[in-house]
Number of protein chains: 2
Amino acid sequence: MNGGDEADTFQRFLRTQGLKLTSQRGAILERVLTIRKHFSAEELFESLRAETQGISKATVYRTLALLVQAGLLDEHDFERGHKLYERAGNHAHHDHLICVSCSRIVEFHNDEIETLQEKVAREHGFEMVSHTHQIFGVCPRCKREGGARTRRAASRPRAPTHPAP
Amino acid sequence: MNGGDEADTFQRFLRTQGLKLTSQRGAILERVLTIRKHFSAEELFESLRAETQGISKATVYRTLALLVQAGLLDEHDFERGHKLYERAGNHAHHDHLICVSCSRIVEFHNDEIETLQEKVAREHGFEMVSHTHQIFGVCPRCKREGGARTRRAASRPRAPTHPAP
DNA sequence: TTCCGTGCAAATGATTTGCAGGACT
DNA sequence: AGTCCTGCAAATCATTTGCACGGAA
C-alpha cells in the first residue's frame, strides 16, 4: 500500500497489456501518489509541467486512463465536463459530501446505506456493479462564514444537478 | 399536476423573471410534458424538428434551462457530457438504477437511505441541499439475454465512473 | 416602441485522436 | 527491427454565446 507497491502494480498491469513503463508514466504515477486530495487532469498537468522537463497534456490524459484501468485511481464525475481523480485502494470504499458553496469534498462511508443499496438493486432484479452517491450541502465552515468562500470553481454557481429531496 | 397546471407554472415563472411565453417555449413545454422517460436535449430537438416548423437547438437548450429553473424538469448527469432531463413533480423524489449493459434507467426510492443520508450529512456538519445516487448494475433482461442489447449508447463501453464497492 | 427571443454560426472547454519522429526491448 | 510512445495540433461533442433581425407586451 506504499508507493513501491503501487509502482509494482502499475508495472505489472502495463506488462499484461504489452505496454511499457516510460519515464513520463513513472513521473505521473509518482506525482499522483503524493496527492492526497481529489485532482483534475489539468491540475496534475500543471503540477508536472513545472518540474519534470515537461509532459504533454495528452500523455497526462492517456496515463490517467491507464492508472484507472490498473485500479490505482478512481475517477469521479462531480462536476459536468470535469473529471476528478483520487488514489484508490488506500482508503476503503467511500462516497462524497460536496459543499455547494466552496466545493470542498468530504468522504463518507455508511455501511447501512451500502447494504440498502444492494438490497434495492436486488429487489429490482439488478446485479449491482458499482454506484455513485453524492450528497450536496453547505459545509460547516461555509455555514459559519456565510458561504462566500470559493476553493475551486464555485464561481459559476452550478445549480446542483439534482432536485432537493 | 396536469399539463394545464404546468403551463401555468411556467407562465408564472417566466413572468416573475420578466420573460415571455413564446410559441417556441410553449411548444417545447408541451412536448416535454408528453415524454415519459428521460430524454436529452438532442432527442428533444430531433423530436421537435420534425413537426413544429423548426425550433433551433439553441432555443431548446435555453428553454430546458428555464424549465429546470422553473422546477418543471429535473436534470441528471448520468453519462459524462450528456445531460438527461425528466419531468419533475409528477413522481415523488427518486434515484436511479442504471443498467451497465443496455443503459436502461429504473427509478427507485428508499426511505431508509434518504434518512441515512440526512444523518450522514448532519454528522459531518453539512446542511444537506440535494443528492445524487446512482446504482449501476446489470438489469434482469440483460442478465437473461447475455447483455449484448443496447438501448442507448452503451456502445462505447463507458467504464462505470466508480470503483466497485 | 422597446426589450426579449430566436436562429445561425462561431466559440467553448475538457477530453481525444491522427500523425511523424523517438525510444525501449 | 519492431513496437510502443510522446508531443503537437487538429478534431470531437455537448453545450453556450454573440449578433442582428423579428416579435410580443
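This structure is a prediction, so every number in the text was calculated from the model and none was measured. All chains are named by letter (A, B, ...) in the order of the sequence lines, taking the proteins before the strands, and each is independently numbered beginning at 1.
- In this structure, F78(B) places its CZ atom 17 Å from C1' of dA14(D), rounding to the nearest Å.
- Between H96(B) and H94(B), the angle of the ring planes goes over 60°, which puts this pair in the perpendicular group of the 30/60° scheme.
- For K20(B) and dA24(D), the NZ to P distance is 9 Å, given to the nearest whole Å.
- An OP1 or OP2 oxygen of dC4(D) is reached within less than 4.0 angstrom by no side-chain nitrogen or oxygen of Q17(A).
- Annotation: F78(B) is in aromatic contact with H76(B) [ring centroid separation under 6.0 Å].
- Looking at heavy atoms from C-beta onward, I105(B) lies in side-chain contact with L84(B) at the 4.5 angstrom threshold.
- With sequence neighbours excluded, no residue forms a ring pair (Phe, Tyr, Trp, His ring centres under 6.0 Å) with F45(B).
- Electrostatic pairing of E86(A) and R36(A) does not count as a salt bridge here, judged by no charged N lying under 4.0 Å from a carboxylate O.
- When the C1' atom of dG7(D) is taken as reference, atom CG of L48(A) falls 15 Å away, rounded to whole Å.
- The CD1 atom of I55(A) sits 15 Å away from the C1' atom of dC8(D) (whole-angstrom rounding).
- Computed from coordinates, the L14(A) CG to dT25(C) C1' distance equals 15 Å when rounded to whole Å.
- Between L72(B) and F13(B) the shortest side-chain heavy-atom distance does not fall below 4.5 Å.
- Rounded to an integer number of Å, the gap from E75(B) CD to dA14(D) P is 16 Å.
- T59(B) has a side-chain polar atom (N or O) that falls below the 4.0 Å cut-off from OP1 or OP2 of dG7(C).
- One finds no side-chain N or O of R25(B) lying less than 4.0 angstrom from the OP1 or OP2 phosphate oxygen of dC4(C).
- Looking at N110(B) and D95(B), their side chains never come closer than 4.5 Å, going by heavy atoms from C-beta outward.
- Between the P atom of dG7(D) and the CZ atom of F45(A) lies a distance of 9 Å, rounded to the nearest Å.
- Heavy-atom nearest nucleotides on DNA chain D were determined for L21(A) and for L21(B), and the one closer to the 5' end corresponds to L21(A).
- Between T22(B) and dT6(C), a side-chain N or O to OP1/OP2 separation shorter than 4.0 Å is present.
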What N/O pairs connect the protein and nucleotides 15-17 of chain C at under 3.5 Å? Give each pair on its own line.
{"from": "dT15(C)", "atom 1": "OP1", "to": "K83(A)", "atom 2": "N", "distance (Å)": "2.8"}
{"from": "dT15(C)", "atom 1": "OP2", "to": "Y61(A)", "atom 2": "OH", "distance (Å)": "2.8"}

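- For L19(B) and dT2(C), the CG to C1' distance is 15 Å, given to the nearest whole Å.
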